[in-house]
Engineer: 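Below: one structure in structure tokens.
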Amino acid sequence: MPDKTVEKVEALPGDTVSTAGVVVADAGPAPDKARSLWSDAWHDLRRNPLFVISAVLILFLLVMSLWPGLFTSASPRDADLAKHYLGKPNWGHFFAPDWLGYDVQGRSIYARVVYGARASITVGVGVTLAVTVLGTVIGMIAGYFGGWTDTLLSRLTDIFLGIPFLLGALVVLNSFDDRTVWVVIMALAFLGWTQIARVARGAVITIKQADYVVAAKALGASTSRILFRHILPNALAPIIVVATIALGGYIAAEATLSFLGVGLGDTAVSWGGDVARGREQLRIAPHTLIIPSVMVSITVLSFLMFGDAVRNALDPKLR
Amino acid sequence: MTIIDEVAGSPAADGSEDTGRPLLEVRDLHVEFRTRDGVAKAVNGVNYSVAAGETLAVLGESGSGKSVTAQAIMGILDMPPGSIPKGEILFRGQDMLKMSDEERRKIRGRKIAMIFQDALSSLNPVLSVGYQLGEMFRVHQGMSKKEAKAKAIELMDRVKIPAAAARINDYPHQFSGGMRQRIMIAMALALEPDLIIADEPTTALDVTVQAQVMDLLAELQREYNMGLILITHDLGVVADVADKIAVMYAGRIVERAPVHELYKRPAHPYTKGLLDSIPRLDQKGQDLYAIKGLPPNLTRIPSGCAFNPRCPMAQDICRTDIPPLHPVTERDGSELVGRGSACHFWKETIHG
């Protein structure tokens with residue numbers, strides 16, 4: 001019986017095997033590039049349509065928030081009361097001030113939407129950065145040192161986690177009269193760091209038991225070197241995932257707070273504020289509400305998609 | 001301080017100065033771990049010493065406390081749950097257990113380095129090996145990145161990694177097991193420490209590579225005149241490399257002997273059992289000897305001699321009295337240098 005199989009194998013492919021072998025040999029030593037977790041992830045991401053679409057959208061929004069002048073010549077603050085209520089969208093006039101119509105004060109909605117991107121993106125990115133730094137530091141300290149430090153910091157995290165996010169933000173922001181972008185960022189970061197802290201703590205606890213951390217210690221590395229050179233790069237993946245997904249949430253939170261009147265001040269150009277003002281003319285001029293809302297949705301969605309794609313690429317379990 | 005170190009580091013000075021004083025001396029070391037099932041006594045009064053240029057092999061099965069002793073020396077024991085209730089670890093005459101954390105950190109890597117069992121998990125996966133090797137020079141000697149890289153390539157050449165310059169930016173997972181262990185050895189050697197502790201350096205490697213790595217280690221040790229503590233459970237690995245052997249069982253040294261003496265004439269039933277359980281060609285067809293039973297649970301070490309439940313020679317006294325490490329002598333009473341056995345019946349064991 002075994003003889004038969006051997007014969008079969010030898011007889012069947014015959015020449016094919018040798019040619020296949022030659023082809024493989026011709027391909028030669030494949031360029032052996034360093035395939036770290038990150039390069040692997042990048043390789044995956046480039047092929048992910050979800051990632052490409054969301055990345056293009058985000059890039060577009062970033063450019064819009066940095067150089068709004070590129071998109072429109074109209075000012076978001078120029079009010080022409082002659083166009084008050086009458087300014088319905090002219091769908092054919094692409095990128096013209098009257099493309100998306102005018103709001104209650106006769107301001108170009110297109111210009112306001114373009115200029116409003118800056119507030120939303122600044123708040124979203126700013127809160128995410130602040131939250132990531134704060135959460136990572138607290139989580140790392142708690143996870144690495146353990147014991148009393150961990151108990152104290154973890155309970156603090158739990159306390160902050162117990163505060164309802166929007167309610168907390170309402171209370172905090174209500175106590176400020178002059179609500180600039182920075183005040184909103186600080187308020188959201190103050191309440192939002194807990195999730196990242198928990199993730200960072202968990203990752204650090206796992207990684208600090210790794211042999212390479214013990215080895216680094218045995219070869220005389222200092223605590224800060226172990227934390228920042230050996231533990232942090234390995235703990236970064238889950239932190240980045242949570243941060244990118246949360247970013248969309250912070251943009252939504254800013255819009256919500258502006259809508260409720262405790263976000264950015266009345267003079268600021270922001271999508272949330274425009275939605276709030278648009279609500280008053282919902283029946284007569286629904287576009288004043290719908291267009292900024294759509295912008296919020298697109299932005300939040302693209303960041304969520306982006307975060308999702310990054311998570312899929314960085315989490316080996318989901319491959 | 002540096003001058004003294006340089007003098008002590010040169011081979012000539014070592015010969016004259018360090019003969020009376022061992023490089024590292026462990027005295028009556030105890031290590032305990034608090035667990036849910038009670039206190040596990042992992043190390044119960046270990047004594048050993050290593051001189052410069054000498055190799056001490058610490059032999060024992062899993063859970064005999066050999067690695068824990070090494071971790072206590074390196075100061076990388078997890079405390080808690082571990083604790084060192086008693087004992088001294090003298091490095092060049094200074095008790096390391098009484099030093100501050102910062103002082104101990106300065107000894108690690110510079111004076112005492114360690115090689116771990118599993119080189120893949122002991123190297124950081126997200127940093128290139130060149131970075132990790134160079135880190136030793138940058139951190140401890142404040143070298144620039146460029147200098148450190150050149151040194152790293154030199155080190156990789158030293159441990160015989162082919163095409164070192166081309167592979168310096170590779171990541172640990174791109175190396176084979178043997179090469180990884182060489183990198184680990186290179187990292188430990190980087191600062192030319194006085195003492196290297198190798199914790200089962202070849203266990204994770206296959207047999208052909210084991211011999212290469214052991215030879216490399218022995219060669220480098222001779223070259224730098226380092227002390228070496230070789231922790232292993234493999235009797236075959238030890239024979240060629242070690243000068244003396246300490247056999248551990250349940251956290252205690254049960255036998256101590258120069259390497260060839262131990263193989264020729266074991267003076268403890270446990271050592272004898274270990275040696276008898278090595279497969280031999282001249283015993284083809286016979287059943288292989290095995291030591292009966294299991295190593296004791298460290299939370300409930302048997303009274304008396306810890307080996308008594310498994311010992312073929314056990315008597316009543318073995319169940320009541322803990323045997324001290326008796327000096328072992330010839331039949332006529334003349335001293336056998338460096339030999340000791342913690343058995344009430346060492347005479348019967350060694351002299352039949």
Side-chain angles (χ1 to χ4, degrees), chain A residues 29-43 136 140 143-151 200 203-241 313-316, chain B residues 70-71 73-80 101-102 104-133 135-136 138-141 166-167 169-174 180 183-184 186-191 193 196-197 199 204:
Chain A
D32 186 23
K33 277 175 68 189
R35 294 279 298 271
S36 65
L37 174 70
W38 302 101
S39 66
D40 252 6
W42 175 235
H43 187 83
T136 305
M140 251 173 43
Y144 185 76
F145 293 103
W148 269 108
T149 328
D150 183 25
T151 313
V204 168
I205 287 177
T206 318
I207 292 159
K208 83 168 174 185
Q209 291 157 348
D211 286 351
Y212 54 82
V213 172
V214 181
K217 212 174 183 182
L219 293 172
S222 61
T223 304
S224 64
R225 178 157 278 272
I226 289 173
L227 267 175
F228 291 107
R229 280 288 159 195
H230 293 278
I231 292 184
L232 184 60
N234 284 292
L236 222 49
I239 293 173
I240 286 178
V241 167
L314 285 179
D315 191 342
Chain B
Q71 284 168 7
I73 295 171
M74 289 307 298
I76 52 172
L77 210 59
D78 276 334
M79 301 206 274
D101 287 348
E102 194 53 27
R104 293 204 74 177
R105 187 174 76 77
K106 284 189 173 145
I107 289 179
R108 288 201 284 264
R110 260 178 250 205
K111 306 280 181 205
I112 308 179
M114 189 159 177
I115 299 168
F116 292 85
Q117 174 177 344
D118 186 353
L120 178 60
S121 59
S122 303
L123 292 166
N124 193 330
V126 301
L127 302 174
S128 71
V129 295
Y131 181 92
Q132 293 186 59
L133 278 169
E135 194 176 32
M136 297 296 291
R138 289 197 309 275
V139 174
H140 291 283
Q141 297 181 343
R167 305 209 64 185
N169 290 323
D170 283 1
Y171 289 85
H173 68 272
Q174 292 170 301
R180 268 180 229 139
I183 291 163
M184 225 25 240
M187 275 178 82
L189 278 175
L191 304 173
I196 284 197
I197 301 176
D199 190 353

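Labels below follow one simple rule: chain letters A, B, ... track the order of the sequence lines, proteins then strands, and each chain is numbered from 1. Not measured: the values here are computed from a predicted model.
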Engineer: Any sub-3.5 Å donor-acceptor pair from Arg108(B)'s side-chain atoms to Leu219(A)'s backbone N or O?
Structural biologist: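 Between the backbone of Leu219(A) and the side chain of Arg108(B) there is no qualifying donor-acceptor contact (under 3.5 Å).
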
Engineer: Given that the side chain runs from C-beta out, which part of Ile197(B) has a heavy atom under 4.5 Å from chain A: side chain, backbone, both or neither?
Structural biologist: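 Contact with chain A involves no heavy atom of Ile197(B) at all.
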
Engineer: Tell me, for Ala221(A) versus chain B, whether the close heavy atoms (under 4.5 Å) come from the side chain, the backbone, both or neither.
Structural biologist: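 Backbone of Ala221(A) only, per the 4.5 Å heavy-atom cut-off to chain B.
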
Engineer: Between Met187(B) and chain A, with a heavy-atom cut-off of 4.5 Å, which part of the residue counts as in contact: side chain, backbone, both or neither?
Structural biologist: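 Both backbone and side chain.
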
Engineer: Looking at chain A, which one of Ser128(B), Gly75(B), Ser121(B) has the largest number of heavy-atom pairs inside 4.5 Å, strictly under?
Structural biologist: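 Ranked by heavy-atom pairs under 4.5 Å with chain A, first place is Ser121(B).
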
Engineer: What part of Leu123(B) is in contact with chain A, defined as an atom under 4.5 angstrom from a non-hydrogen atom: side chain, backbone, both or neither?
Structural biologist: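 Contact with chain A involves the backbone of Leu123(B) alone.
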
Engineer: Is it the side chain or the backbone of Met74(B) that comes within 4.5 Å of chain A heavy atoms, both, or neither?
Structural biologist: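 Interface part for Met74(B): side chain.
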
Engineer: Calculate, to the nearest 0.5 Å, the distance between atoms CD and NE2 belonging to Glu135(B) and His230(A) respectively.
Structural biologist: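 Those atoms lie 3.5 Å apart.
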
Engineer: Using a cut-off of under 4.5 Å on heavy-atom pairs, state which of Pro233(A), Gly147(A), Ser222(A) scores highest against chain B.
Structural biologist: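 Sorted descending by pairs with chain B, the first entry is Ser222(A).
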
Engineer: Return the CG to CZ distance between Asn124(B) and Arg229(A), rounded to the nearest 0.5 Å.
Structural biologist: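 Nearest 0.5 Å value for the CG-CZ distance: 10.5 Å.
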
Engineer: Consider side-chain contact (heavy atoms from CB on, under 4.5 Å). Of Val213(A), Asp211(A), Val214(A), which one does Ser122(B) pass it with?
Structural biologist: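 Only match with Ser122(B) under side-chain contact (heavy atoms from CB on, under 4.5 Å): Asp211(A).
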
Engineer: Which residue out of Ile207(A), Asn234(A), Thr223(A) racks up the most heavy-atom pairs below 4.5 Å with chain B?
Structural biologist: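 Top count of heavy-atom pairs under 4.5 Å with chain B: Asn234(A).
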
Engineer: Among Gly146(A), Gly220(A), Ala216(A), which residue has the highest count of heavy-atom pairs closer than 4.5 Å to chain B?
Structural biologist: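 Highest number of heavy-atom pairs under 4.5 Å: Gly220(A).
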
Engineer: What's the shortest heavy-atom distance between Phe116(B) and Ala218(A), and which atoms?
Structural biologist: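 Scanning both residues, the minimum pair turns out to be CZ-CB, 3.7 Å.
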
